[in-house]
Participant: 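Handing you a structure now.
Counting convention: from 1, in listed order, for ligands and their atoms alike.
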Amino acid sequence: MCGIFAVYSQDDNEVARQIFFALMALQHRGQEAAGIAISTGVNINYKKDSGMVNQIFRERHLAELPGRFGIGHTRYSTTINKTGGRQPYQFACKLGPFAIAHNGEISNYRKTKQKLLDEGVCFFTETDTELLAHYITRSNKDTWEETLAELIREVPGAYSLVILTNNEIWALRDPLGNRLMSIGRKNDDWYIASESCCFNVIGAKNVGSVKPGSVVKIGVDGYTERSVLQYPRATCAFEYVYFARPDSQIDDVYVNEVRQRIGVELWDMTRDRFAEGEYIVSGVPESATPMAIGFANASGIRYNEIFAKNRYIHRTFIKPVDTERKSAVYLKFNPLVNNIKGQRIILIDDSIVRGNTIEHLVAVIKRAGAKEIHILVGSPEIHYPCYMGIDMRGGDEFIMNRCTPDELAQLVGADSVTFLEIERLAPAIGKSELCTACWTGSYPKELEW
Ligand code: SF4
């Protein structure tokens with residue numbers, strides 16, 4: 001998971017600033033590094049570094065990046081591409097210099113890379129982004145549009161990709177529609193982003209999503225989109241459950257509403273158990289908060305906050321090293337003891353991957369004096385790896401490959417653990433063409449590993 005952003009603006013003093021604010025809004029998609037590339041029309045200039053967006057960019061950096069076209073990136077590495085530096089990358093092909101930034105993972109990365117190595121291509125990083133850049137530099141097509149259409153035909157997934165040339169922005173969404181790509185507009189200025197939540201921040205409106213398998217061009221002539229190839233759609237369902245911000249729309253569906261509907265489904269599954277007795281319901285901040293609100297609205301069970309969240313500690317799932325994840329959990333949540341003591345608590349979490357967070361939370365709630373703790377999980381049990389850009393490799397990493405829900409309850413000290421039934425997920429999202437492979441093991445058949 002990474003965040004990408006692209007802009008064409010008529011005001012060349014605003015582009016770097018707009019990218020900076022958009023990357024701040026996309027910070028949840030990656031915290032390891034960030035970068036901006038802006039074209040002056042003659043040269044492409046870069047500023048990128050390791051760290052959070054507001055640690056990297058100062059006012060003077062933005063002032064040193066004039067231009068009307070630009071792209072930006074927040075980086076989160078998957079297991080396969082832990083190394084490889086910061087994006088956007090700088091390349092050149094027969095069509096000229098270009099900068100490239102990417103979200104996703106090429107499912108057959110190793111095989112494809114070996115093929116290119118055999119053809120004499122040199123690699124400087126272990127990233128999918130470099131692989132995609134080499135596809136472009138090797139192409140003998142005479143236009144950007146044909147070059148990128150060829151890439152879409154050769155690489156099924158999973159990617160959303162933005163490319164900056166001297167005078168244009170190009171964007172590609174994989175033919176499965178697995179990765180996300182929203183379109184924003186403000187008068188004659190156009191934007192592309194991983195998530196629509198960043199458009200409000202810069203005064204733009206979300207005007208839709210790029211269709212899977214399409215090549216987009218943004219330039220002085222406005223926005224054009226050409227559909228090249230579409231496979232049966234397989235948009236990542238985990239984006240709706242956890243990754244995306246609640247104020248984003250994914251393919252015209254509000255994420256916040258999906259999470260509330262998941263809460264309603266959880267109530268429908270458990271109404272026999274919780275109908276009687278005094279409970280309060282709460283959500284693990286922040287992805288599960290709308291689920292808890294949905295559950296409370298449907299059930300009439302009182303919603304209450306039970307954690308004060310430290311706003312300056314960011315998401316635990318995407319910290320790259322397991323020890324960092326654990327300490328981040330401890331720093332992040334503090335119990336509201338007066339809301340917990342003596343209560344029977346229904347705690348909703350969006351997902352359980354490794355089990356670190358939930359184990360700590362249950363211990364914290366118990367120490368604060370809860371009478372009972374029932375964990376509801378707003379997604380099914382994770383059993384299978386992701387090969388499409390989310391850092392979940394499988395095996396023993398997944399706690400639910402080592403125990404049943406009852407055993408997990410015992411392990412973490414809860415009274416019960418209940419996962420969302422898989423058949424309830426698509427109705428809650430309101431779409432059926434989804435990738436649910438990490439729960440079901442059923443991968444898009446167009447992909448190979
Ligand atoms: S396997 Fe899971 S995390 Fe990966 S793309 Fe599919 S739904 Fe998303």
Side-chain angles (χ1 to χ4, degrees), residues 1-4 28-30 76-81 102-109 128 155-161 173-181 194-195 209-210 212-213 230-245 248 250-251 253 255 258-259 262 287-288 315-320 325 349-355 357 377-395 397-401 419-449:
M1 195 172 77
C2 293
I4 56 161
H28 63 291
R29 299 190 67 85
Y76 149 80
S77 62
T78 58
T79 306
I80 202 164
N81 64 16
H102 165 234
N103 165 220
E105 184 176 338
I106 306 309
S107 61
N108 60 351
Y109 170 82
D128 317 65
V155 186
Y159 50 89
S160 52
L161 191 65
R173 187 176 181 190
D174 65 74
L176 296 159
N178 181 271
R179 296 289 94 221
L180 316 182
M181 193 171 260
S194 299
E195 282 182 47
S209 297
V210 173
Q230 287 187 29
Y231 290 131
R233 202 170 174 131
T235 304
C236 172
F238 223 141
E239 290 276 1
Y240 290 96
V241 169
Y242 170 75
F243 296 121
R245 270 181 35 167
S248 285
I250 302 175
D251 295 330
V253 175
V255 172
V258 169
R259 292 181 188 161
I262 286 174
S287 326
R315 306 183 92 149
T316 50
F317 176 82
I318 62 173
K319 295 279 173 193
R325 282 190 199 104
D349 200 355
D350 49 74
S351 54
I352 293 181
V353 181
R354 304 172 182 91
T357 308
V377 187
S379 55
E381 294 175 30
I382 296 171
H383 291 293
Y384 303 94
C386 177
Y387 301 109
M388 287 155 276
I390 308 303
D391 191 18
M392 300 195 301
R393 274 294 176 247
E397 181 193 7
F398 300 144
I399 186 85
M400 296 317 294
N401 282 345
F419 287 82
L420 184 76
E421 292 161 352
I422 184 68
E423 55 272 20
R424 292 176 182 267
L425 186 62
I429 292 173
K431 289 190 180 288
S432 55
E433 295 173 300
L434 298 163
C435 175
T436 57
C438 49
W439 299 297
T440 60
S442 174
Y443 294 90
K445 66 175 172 23
E446 290 75 16
L447 298 181
E448 52 171 327
W449 329 116

Participant: Is the shortest heavy-atom distance from the side chain of Y240 to the side chain of L425 under 4.5 Å?
Facilitator: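 No. Closest side-chain heavy atoms not under 4.5 Å.
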Participant: Would you mind running through ligand 1 and noting each atom that sits below 4.0 Å from a heavy atom of C236?
Facilitator: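 In order of number, 3 (S), 5 (S), 7 (S), 8 (Fe).
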Participant: Set out, in order, the CA-CA distance, both residues' side-chain angles and the distance that settles side-chain contact (heavy atoms from CB on, under 4.5 Å) for M388 and C236, then state yes or no.
Facilitator: CA-CA 9 Å; M388 287 155 276; C236 172; over 6 Å; no
Participant: Start with the C-alpha distance between E239 and R29, add both sets of side-chain angles, then the distance that settles salt bridge (charged side-chain N to carboxylate O under 4.0 Å, His left out), and finish with yes or no.
Facilitator: CA-CA 10 Å; E239 290 276 1; R29 299 190 67 85; 2.9 Å; yes
Participant: Please identify which atoms of ligand 1 are closer than 4.0 Å to at least one heavy atom of A437.
Facilitator: 1 (S)
Participant: In this structure, which one of T235, V210, I4 forms a side chain to side chain contact (heavy atoms under 4.5 Å, CB included) with L180?
Facilitator: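 Between L180 and the candidates, side chain to side chain contact (heavy atoms under 4.5 Å, CB included) is satisfied uniquely by T235.
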Participant: Answer yes or no: is there a side-chain heavy-atom contact under 4.5 Å between C438 and F238?
Facilitator: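 The answer is yes, as the side chains (C-beta and beyond) meet within the 4.5 Å cut-off.
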Participant: Walk me through it: do I106 and Y159 pass the test side-chain contact (heavy atoms from CB on, under 4.5 Å)?
Facilitator: CA-CA 7 Å; I106 306 309; Y159 50 89; 3.9 Å; yes
Participant: Under 2.8 Å from atom 2 (Fe) of ligand 1 - does any N, O or S atom of C438 fall there?
Facilitator: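 So C438 does bind atom 2 (Fe) of ligand 1 by this criterion.
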Participant: What is the nearest protein non-hydrogen atom to atom 3 (S) of ligand 1, stated with its residue, atom name and distance?
Facilitator: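 I find the closest protein heavy atom is I390 CG1, 3.5 Å.
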Participant: What protein heavy atom sits nearest atom 6 (Fe) of ligand 1, and how far off is it?
Facilitator: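 Answer, as residue, atom name and distance: C435 SG, 2.3 Å.
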Participant: Name the closest protein heavy atom to atom 4 (Fe) of ligand 1, giving the residue it belongs to and the distance to 0.1 Å.
Facilitator: C386 SG, 2.3 Å
Participant: Looking at N178, which atoms of ligand 1 are within less than 4.0 Å of one of its heavy atoms?
Facilitator: 5 (S)
Participant: Report, in ascending order of atom number, the atoms of ligand 1 lying under 4.0 Å from any heavy atom of A237.
Facilitator: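 Close to A237: 7 (S).
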